[in-house]
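Since the structure comes first, as C-alpha cells, the remarks are kept for the end.
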2 protein chains.
Amino acid sequence: MGESSTSQNKTVKLADVARAAGVSQGTVSNVFNRPGLVSEQLRERVEEAAKSLGYRGPDPRGRLLRAGRVNAIGVVTVGPLNCFFDDQYTRLFLSGVAKACEARGAGISLVSAVDDEIAAWNIRTALVDGFILNCLNEGNMLVELAEKRGLPFVAVDFPVGPGFDVVRIDDYRGAREAAQHLLDLGHRHFAVFTFETEKEVRVGFVDDVRAERASFEVVRRRLTGYRDAFRAAGLPPQPVFETGSEFDGVCAGVDAVLAANPDTTAFVCTSDRVALHVITYLHSLGRKVPEDFSVIGFDGIEEAANSIPPLTTIYQPAIGKGEAAVELILGDKSDDAGGRVVELPIELVSGASTSSPRKT
Amino acid sequence: MGESSTSQNKTVKLADVARAAGVSQGTVSNVFNRPGLVSEQLRERVEEAAKSLGYRGPDPRGRLLRAGRVNAIGVVTVGPLNCFFDDQYTRLFLSGVAKACEARGAGISLVSAVDDEIAAWNIRTALVDGFILNCLNEGNMLVELAEKRGLPFVAVDFPVGPGFDVVRIDDYRGAREAAQHLLDLGHRHFAVFTFETEKEVRVGFVDDVRAERASFEVVRRRLTGYRDAFRAAGLPPQPVFETGSEFDGVCAGVDAVLAANPDTTAFVCTSDRVALHVITYLHSLGRKVPEDFSVIGFDGIEEAANSIPPLTTIYQPAIGKGEAAVELILGDKSDDAGGRVVELPIELVSGASTSSPRKT
DNA sequence: TCCATTGATGCGACCGATCTCGTTGAAACG
DNA sequence: CGTTTCAACGAGATCGGTCGCATCAATGGA
C-alpha cells in the first residue's frame, strides 16, 4: 500500500474510485447512474476522484452481469453476413428491425451462421436478449440452437412450430394471386423463375419433385401457389427454372426458356430481384416489357416501384415484418409467448410490367 | 438443503452442475470449453448432471466479464439505424465491415446515435471491443465520446486527428477529376448537386460561404475539388445546389437549374445516388442522357454500373474501406496504433452518362 | 423533548464463469 | 524402491458493478 494512485498498470475500477474518494462503491455507482440520489458535495468529490484516477465510467461488462439484460437483440441469417446488406428484401426487413429496436432503445447484433459450427457457437454465445431467425431453410438447426440457448426467439417465414413465435405472410396466396393476375390478362404460356430452392443454387430447370422438396419454405409455398393457379385454369404444368438471385443465372434462365419455349409470354418470378434482372436482360436483348413479355415479381421492394417499367408485384410488408419480430421479442412477454403467429397482409401492386400477351 | 435438484426457480448455473456432479466449477467449465482436458468418464458424469439439471451451457455474460473481450465491434452512425440499410454507399461499406468481421470471427453491433444523448449513452455502454465511426460531421461528439470510452476506434472519412486512426479517400482529387473529365469533354456550364451539407437537409442553392462551412467533411472536400477544377479552367463559379439524397430534392434541383440556367449541359453530383435520381428525373422529363445532359456521380455503387445509361463516376472502394477499418481495430495493435491513416485509391469509371455537350 | 419519517450512505452479497495455483495419483525412469 | 513427470482436478481469487437492506443523521410534528 503506497503506490496506489499513479502509474497503475491495471484498469481503474469502481472500487478504486470509491477508495480514493473515501466512499462506498454503491455511492460511486450512484454518482454515475443516478446522480440525483447523491448530495452535491459528495458527488463532486467522487467526480474529482474519478477524473484524477482516469476512471472512464462504469464498465458495461459488470453492469451486464448484474443486470442480466443485454438490451440488444440478435439477428441471425443463414449465410454470410453480407447478405444483410446485399439483398434488397432483407434490407427492408432489417430496416424494420432497426426502426423498432431504436424506438425501444435496444441495439442490434448481427450474428452470422455461415456454417453449422459457426452458427452453433454464435447462437450459444451471442450477447443478446433474443434472436430473430431469418432466411431459414428447413433442416438447418437454427431453431434447435435457439431453443437450446433458452432465449426468446422469432422465426421469420417459417412453418409454425410448437414453442416459438412466427412472423410470416401468406406466400401461397400471394403466388396464386400473381399467377391469376397474368391468367386474367390472357396469358397461357409461362416461365416460372425462382431464386435458390436449396442453400446451394443450381441453375437450371426444376422438376416437380425438386420443387416440392425445396428446403426453403418460402420457395415451396410460392411455387405451389403458382402451380395450383395454373392447374385451376386448366393449364398443363408450366416450366420452372431455378435462377438464383444473381444476374447471370437469370440470363441463363431467359436464354433457356426462349430457346425451349418460344411461346412463352410471361415470366413469373419468386422475387422482385429476379424479376428486375429479367426485365434488364430482356431489354438488352431488344425485347420489350410488357409489349413482348409480361413480368411479375414478388416482395414489393422499393427498386421495383422505380424500375422502368414499374414492376407488377406482390407487395409484402417487409419493414412491418421486422417490426413485428422485434415486438414479439421485446414486447410484453405476457401470456401466450412461444406460439404466437403474426401473419401480415400482402397485396397485388399493378405496375406496368404486365399486360395482355402479344398476338403472334 | 434438500430441494436442490427439481423445481428450481433460479437459473441453473455452472456451480450447480459442479455440485451435482461432485466436481469443481473449473472442471465443468472445461467439459464445455476444452473437453479434451477432462477424462472421459468424468466428462460423461458432468454432461449427465448438466442435462438432468437443464443446464444450457456457460452463460456468455459470465465469460465476458472474466475474459474482457466481447469479440464484436460496434459501428456507429449519425442518424437513425435505418441509414445502415437505406443508403447504397453505406451498405457497401458495411458489407466490407461484415466480411472482415466474419473472417475474424467477430460480431457486429449496430449502435445508433440519433441524437447526442443517445449517442453518449450508447457509446458508453455498447458491448464491443472497438468502434467504427461513420457518417461523421464536424462538431458532433462521437470522436470525443469514443475517446472517453477508451476503446480503440476508427474514424471514417474524417479529418486526421491526434490519437486515432482514420480511413479515407482523397475526396478532393476525386471531385477534381470528375469535373476535369467533363471539362475535357467540352462542358462549360455546370450544375453541382450535393447531398446534405449539414445534418438537416436544406434544399436550395448553396452559396460559397455555406459550401465552405459544410459540416460534413466529405462534402466540403468534394465541393472544393469541383470549384478548383472550374477555377483552373478559367470558368466563373458554377451554381451549387443542395438536393439531399432523396428523389424529391433532386427533382427540385433539376427544375431550379433548368429554369435559372438553361445553358447547363452537365450535372456534377457528390454521390451516385443523387446522380441516378438526376438521370431518372431527366428521363421522365423527356431529356436524354448523355445526348442532352451529361451526368457524373461519385462513389461507384453497384446500381451505377447497372443503370441506363451506365453512370460515369468516381469509384471509391467502399467495401475496402470497411475491411480496412475492421483491420485497424482488430488487427495487431502493434506500434503506431492511434494515428494511422489509410487512404484508399479512387478511380474515374467511364460510363455512358457523359459525352460532349449538346450543340445549341 | 421524543418518536416517526425522510434522505443519504455504507456494507456485503451476488451476477456466472474462468484463470491461476497447488495438490494428487499414477506411470515412467534409473 | 525413491524420484521425476505429467495429466487431471479442486480451491479460491477475480472480473466490475448493482441491488437490497441496515444505518445514521437531520428534520418535522405532537
Side-chain angles (χ1 to χ4, degrees), chain A residues 8-47 49-50 53-71 121 124-127 129 149-151, chain B residues 8-47 49-50 53-71 121 124-127 129 149-151:
Chain A
Q8 284 277 72
N9 193 7
K10 307 170 66 62
T11 67
V12 17
K13 60 182 99 171
L14 195 82
D16 301 322
V17 178
R19 205 176 314 123
V23 299
S24 74
Q25 294 190 32
T27 300
V28 180
S29 176
N30 283 334
V31 167
F32 283 95
N33 297 310
R34 289 179 296 282
L37 290 186
V38 181
S39 69
E40 188 168 351
Q41 58 167 31
L42 200 52
R43 189 184 344 150
E44 278 175 14
R45 182 146 58 98
V46 171
E47 280 170 350
L53 286 180
Y55 184 63
R56 303 179 183 285
D59 188 315
R61 294 186 297 243
R63 184 204 327 276
L64 167 63
L65 183 55
R66 178 70 222 208
R69 291 180 349 105
V70 185
N71 203 31
W121 173 257
R124 275 173 49 118
T125 66
L127 284 162
D129 299 322
R149 173 73 186 268
L151 257 27
Chain B
Q8 284 277 71
N9 192 7
K10 308 170 64 63
T11 66
V12 18
K13 60 183 99 171
L14 194 79
D16 300 324
V17 178
R19 205 176 311 124
V23 299
S24 73
Q25 295 191 30
T27 300
V28 180
S29 176
N30 283 334
V31 167
F32 282 96
N33 296 310
R34 289 179 295 283
L37 290 187
V38 181
S39 70
E40 187 167 353
Q41 58 168 29
L42 200 52
R43 189 184 345 151
E44 279 175 12
R45 182 148 56 99
V46 170
E47 279 169 350
L53 286 180
Y55 183 62
R56 303 180 184 285
D59 188 314
R61 292 187 298 244
R63 187 211 317 282
L64 167 63
L65 182 56
R66 179 69 228 205
R69 291 180 351 102
V70 184
N71 203 31
W121 173 258
R124 274 172 52 116
T125 65
L127 285 161
D129 298 322
R149 173 74 187 268
L151 257 29

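Quick note: numbers below take in every heavy atom, side chains included, and nothing from hydrogens, waters or symmetry partners. Every chain is numbered from 1 and lettered A, B, ... according to where its sequence line falls, protein lines coming before strand lines.
At a threshold of 4.0 angstrom between heavy atoms, the contacts of Arg34(B) are confined to the sugar-phosphate backbone, with no base atom among them. Residue-level contact check: Leu64(A) touches neither bases nor backbone, having no heavy atom under 4.0 Å from any strand.
Here dG16(D) presents its P atom at 12 Å from CG of Leu65(A), a figure rounded to the nearest Å. Taking atom CZ on Arg19(A) and atom P on dG10(C), their separation rounds to 14 Å, with Å as the unit. Between Asp59(A) atom CG and dT14(D) atom P there is a gap of 18 Å when expressed in whole angstrom units. Arg45(B) has its CZ atom 11 Å from the C1' atom of dC9(D), to the nearest Å. In this structure, Asn30(A) atom CG and dG16(D) atom P are separated by 20 Å, rounded to whole Å. Atom CG of Asp16(B) is separated from atom C1' of dC15(C) by 13 Å (rounded to the nearest Å). A straight line from CZ of Arg149(A) to P of dG16(C) spans 13 Å, rounded to a whole angstrom. Leu127(B) has its CG atom 14 Å from the P atom of dG16(D), to the nearest Å.
In this structure, of dC15(D), dA8(D), dT18(D), it is dA8(D) that holds the atom nearest to the side chain of Ser39(B). Nearest to the side chain of Gln25(B), among dG16(C), dT18(C), dC9(D), sits dT18(C). Listed nucleotides dC9(D), dG17(D), dC15(C) differ in distance to Lys13(B); the shortest reach to its side chain belongs to dC15(C). Distances were taken from every side-chain heavy atom of Arg61(B) (C-beta onward) to each of dT18(D), dT18(C), dG16(C); the shortest belongs to dG16(C). Minimum atom distance to the side chain of Ser24(B) is reached by dA11(D), of the listed dA11(D), dG16(C), dT18(D). For Tyr55(B), the listed nucleotide lying nearest its side chain is dA17(C); candidates were dT18(D), dT9(C), dA17(C). Nearest to the side chain of Val23(B), among dG10(D), dT18(D), dG16(C), sits dG10(D).
Mapping Gly62(B) and Val38(B) onto DNA chain D by nearest heavy atom places Val38(B) at the nucleotide closer to the 5' end. Both Arg66(B) and Gln41(B) lie close to DNA chain D; mapped to their nearest nucleotides by heavy-atom distance, the more 5′-ward contact belongs to Gln41(B).
Closest approach of Gln25(A) to Ala15(A), counting heavy atoms only: NE2-CB, 3.7 Å. Between Leu64(A) and Arg69(A), the closest heavy-atom pair is CD1-O, 3.5 Å.
Here the CZ-CZ distance, from Phe32(A) to Arg124(B), works out to 7.0 Å after rounding to the nearest 0.5 Å. Interatomic distance, Arg19(A) CZ to Leu53(A) CG, rounded to the nearest 0.5 Å: 9.5 Å. Atoms CG and CG, from Leu65(A) and Asp59(A) in turn, are 11.0 Å apart once rounded to the nearest 0.5 Å. The OG1 atom of Thr27(B) lies 9.5 Å from the CG atom of Leu14(B); values are rounded to the nearest 0.5 Å.
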Watson-Crick or G-U pairs under 3.5 Å in DNA chain D, rendered as dot-bracket with [ ] for crossing pairs and | for another strand: ||||||||||||||||||||||||||||||
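Taking 4.0 Å as the cut-off between side-chain N and carboxylate O, Asp16(B) and Lys13(B) do not count as a salt-bridged pair.
Of the candidates Arg45(A), Gln41(A), Glu40(A), Arg43(A) forms a side chain to side chain contact (heavy atoms under 4.5 Å, CB included) with just one, namely Glu40(A).
A sub-4.0 Å separation between OP1 or OP2 of dG17(D) and a side-chain N or O of Arg56(A) is absent. Residue Asn33(A) places none of its side-chain N or O atoms closer than 4.0 Å to OP1 or OP2 of dG17(D). Side-chain nitrogen and oxygen atoms of Arg63(A) include none within less than 4.0 Å of the OP1 or OP2 phosphate oxygen of dC14(C). Considering only side-chain N and O atoms, Thr27(B) lies nowhere under 4.0 angstrom from the phosphate OP1 or OP2 of dC9(D).
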